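Working notes, structure below.
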Amino acid sequence: MAREDASTLENLDTLRKKIFSDLESATDSAALESFRIKYLGKKGALRALLKGLKNIPAERRKEYGARANQLRAETEQAFSSRTRQKKARGDQQSSPFDPSLPGYPFPHGSIHPLTKIRNEIRDIFISMGFDVAYGPDVESDFYNFAALNFPPHHPARDMQDTFLVSPEVVLRTHTSPVQIRIMEEQQPPIRCIMPGRVYRHEEISSRSYCIFHQVEGLYVDRDVSFADLKGTLLWFARRFFDEKTHIKIRPSFFPFTEPSVEIDIECFLCKGAGCSVCKQSGWLEILGAGMVHPNVLASGGIDSEHYTGFAFGMGIERIALLKYTIDDIRLFFENDIRFLRQF
Ligand SMILES: [Zn+2]
């Protein structure tokens, strides 16, 4: 250890500065201990200073001795005050409760993208006076097929690959069975949407999954016409996608509606100009719809001589994939937090 040469009063002042600067920079226990050994220990600089008194010329010895003693007293006092401070800080840090620390973040969940889309669709139809109804996921063959104008062995049953619980009980392949349940309970006017989960025995890939979600809609009253269907769905499309969006109606086939149509929405990404999402066509297939088949009204106990109605259905996954430009439907079901946090 280097000894300070403080054989003169000037050197004493230099040593004093050095001592206080060293003490200032000693911030942890190890540094404080080094400081103590270096200056206050048995072989420390201050002890050496007093031992060196005999070498000081006699006429300066008294003053020098007094200054050296004063320096030692000051150093001891400063050192012990510094040690107390350090200990107080240490005690504070080791306390389990420190009210000055910022709180732990409490992560909020986010709304699942499918729930978000479903809620948006639901709110638009509620604003048009529709009710919301739900039905069971496990259905009888009657509600899922027969009542919806799929007679046994009808080739249309091949359109949907069905999970059978037993020969007469299925996991519903669409939300349309809820239409029958509503009509059984209620006489027209009926204005209702029916969101829910549906099941099909499909190979799982980025484009298809064995579970998905639909929103079904039904309006039955006197004089409900195809124009009402068109107006309602155009209004919906403009509220949901873009207020200037156009729709295109193409003939199609469903057993439970006649006539049946598919409704394309002008691509909301390219505004109809053509892009990779709409495969350059400018249109997106979003909805199936049609006028409720008289046989279906009859299955629900509605007099098809006096009442007409329209029905429509759309896949929530399909809309969410398009709206959020997601390229893999499986992401909706894997619940990967990195995916879900983005919504
Ligand atoms: Zn497009």
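Quick note: numbers below take in every heavy atom, side chains included, and nothing from hydrogens, waters or symmetry partners. Keep in mind that this is a model prediction, so the values were computed, not measured.
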- Arg222 meets the side chain to side chain contact (heavy atoms under 4.5 Å, CB included) criterion, sequence neighbours left out, with His306, Tyr307
- Message: One pair to check against side-chain contact (heavy atoms from CB on, under 4.5 Å): Ile204 and Arg330. What are the steps and the verdict?
- Response: CA-CA 8 Å; Ile204 292 171; Arg330 290 169 292 196; 3.7 Å; yes
- When you check the gap from the basic side-chain N to the acidic O, do Arg36 and Glu33 get nearer than 4.0 Å? yes
- Query: ring-ring contact (aromatic ring centres under 6.0 Å, His included) with Phe343: which residues, sequence neighbours excluded?
  - Reply: Tyr324, Phe339
- Once the angle between the rings of Phe125 and Phe236 is folded into 0 to 90°, is it parallel (under 30°), tilted (30 to 60°) or perpendicular (over 60°)? parallel
- With Glu184, which residues qualify under side chain to side chain contact (heavy atoms under 4.5 Å, CB included), at least two apart? Phe142, Tyr143, Ile180
- Query: Does any N or O in the side chain of Thr325 come within less than 3.5 Å of the main-chain N or O of Leu322, such that one atom is a donor and the other an acceptor?
  - Reply: no
- Are the side chain of Arg118 and the backbone N or O of His213 linked by a donor-acceptor pair below 3.5 Å? no
- Message: Could you check whether Lys323 makes a cation-pi contact with Phe240, meaning its NZ or CZ is under 6.0 Å from the centre of the six-membered ring and within 45° of the ring axis?
- Response: yes
- Query: For the side chain of Thr245 and the backbone of Arg238, is there at least one donor-acceptor N/O pair under 3.5 Å apart?
  - Reply: no
- Item | Ring centres under 6.0 angstrom apart (Phe256, His293) | no
- Item | Cationic N near anionic O, under 4.0 Å, Arg172 to Asp137 | yes
- Task: For the pair Phe150 and His174, name the ring-plane relationship: parallel under 30°, tilted 30 to 60°, perpendicular over 60°.
- Result: perpendicular
- Can you find a heavy atom in the side chain of Asp228 that is under 4.5 Å from one in the side chain of Ser225? yes
